[in-house]
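So the structure is just underneath, and the comments pick up after that.
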Amino acid sequence: MLNIAVLVSGGGTNLQAIIDSVENQTLKDVTIKCVISNKSDAYALERARKHGIASSCISPKDYGSKEEYGKYLAEYLKEQGVELVVLAGFLVVLPPEFIREFSGRIINIHPSLIPSFCGDGFYGLKVHEAALARGVKVTGATVHYVDEGTDTGPIILQKAVEVEEGDTPEILQKRVMEQAEWVILPKAIEMIAEDRRKI
Ligand code: GRF
């Protein structure tokens with residue numbers, strides 16, 4: 001069994017894709033131990049509650065420093081027996097101490113084909129606005145391991161999505177989520193759980 005935590009900040013559709021995959025058994029041997037949001041009003045927390053998953057708001061605002069926050073978060077996740085941290089639309093930059101503590105055990109979903117439209121400032125709709133402004137014909141999503149840079153860690157999975165005539169950032173964001181993000185995030189977790197089974 002692979003124990004995971006999902007860290008969120010918003011609507012939680014990627015979290016929902018993981019929950020659905022666990023419940024319908026396409027994602028086997030995975031337990032969602034907890035869902036953590038930095039925002040108390042994130043709808044993702046509600047999704048977790050509806051499925052009986054422990055959920056809480058742990059915000060950097062309540063800690064004296066980023067370091068303290070990272071330390072608390074790491075301790076909390078270790079107490080829960082979390083082995084893999086999944087960032088699913090989590091908008092807090094995690095401190096290096098936390099990343100070192102969970103080295104090789106943090107993954108993130110990014111809504112573009114890295115190395116395009118990624119790094120500092122590229123999040124949410126901004127990613128899709130930039131893709132449309134550049135006029136790319138294909139975009140997509142990437143699941144990667146998290147290191148101390150922004151979107152710089154080793155790539156696990158990518159999936160391409162076509163840009164269509166008349167796309168707005170909102171329309172493109174929705175297509176990237178439906179066709180790529182909700183597919184490759186559960187798939188990447190499955191691959192990691194599968195590798196563990198082999199070990
Ligand atoms: C997704 O587009 C994800 O790629 C990005 O933030 C968004 C989160 O959406 N990092 P949701 O909260 O999973 O609906």
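Numbering of ligands and ligand atoms starts at 1, following listing order.
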Item to complete: Examine ligand 1 and decide if any of its atoms is less than 4.0 Å from a heavy atom belonging to V8.
Response: no
Practice prompt. May I ask you to identify the nearest protein heavy atom to atom 8 (C) of ligand 1, giving residue, atom name and distance to one decimal place in Å?
Written response: G89 CA, 3.6 Å
Practice prompt. Verify the neighbour count for atom CZ of R100: are there more than 12 heavy atoms of other residues, nucleotides or ligands below 6.0 Å?
Written response: yes
Discussion item. Tell me whether K78 is salt-bridged to E75, with the criterion being a basic N under 4.0 Å from an acidic carboxylate O.
Written reply: yes
Worksheet item: Can a non-hydrogen atom of G124 be found less than 4.0 Å from any atom of ligand 1?
Response: no
Worksheet, complete the sentence: When distances are taken from atom 10 (N) of ligand 1, the protein heavy atom at minimum range is I109 O, 3.2 Å
Worksheet item: Between T13 and ligand 1, is there a nitrogen or oxygen pair with a distance under 3.5 Å?
Response: yes
Worksheet item: Does N14, backbone or side chain, put an N or O under 3.5 Å from an N or O of ligand 1?
Response: yes
Practice prompt. Identify, for atom 9 (O) of ligand 1, the protein heavy atom at the shortest distance, and state residue, atom and that distance.
Written response: M177 CE, 3.3 Å
Practice prompt. Take N38 and K61 through the test side-chain contact (heavy atoms from CB on, under 4.5 Å) and record every step on the way to the result.
Written response: CA-CA 9 Å; N38 61 310; K61 286 186 193 141; over 6 Å; no
Item to complete: Using side chain to side chain contact (heavy atoms under 4.5 Å, CB included) as the criterion, point out the one residue from L77, V82, L2 that pairs with K33.
Response: V82
Fill in: Co-membership, hydrophobic cluster, residues Y69 and V85, 4.5 Å side-chain
yes
Discussion item. So for atom NZ, which belongs to K187, do other residues, nucleotides or ligands contribute more than 12 heavy atoms lying within a distance under 6.0 Å?
Written reply: no
Discussion item. Looking only at protein heavy atoms, which one is nearest to atom 3 (C) of ligand 1, and what is the separation?
Written reply: E181 OE1, 3.1 Å
Worksheet item: Would one find an N or O of G12, backbone or side chain, under 3.5 Å from an N or O of ligand 1?
Response: yes
Worksheet item: Is a donor on one side and an acceptor on the other found under 3.5 Å between the side chain of D167 and the backbone of E164?
Response: yes
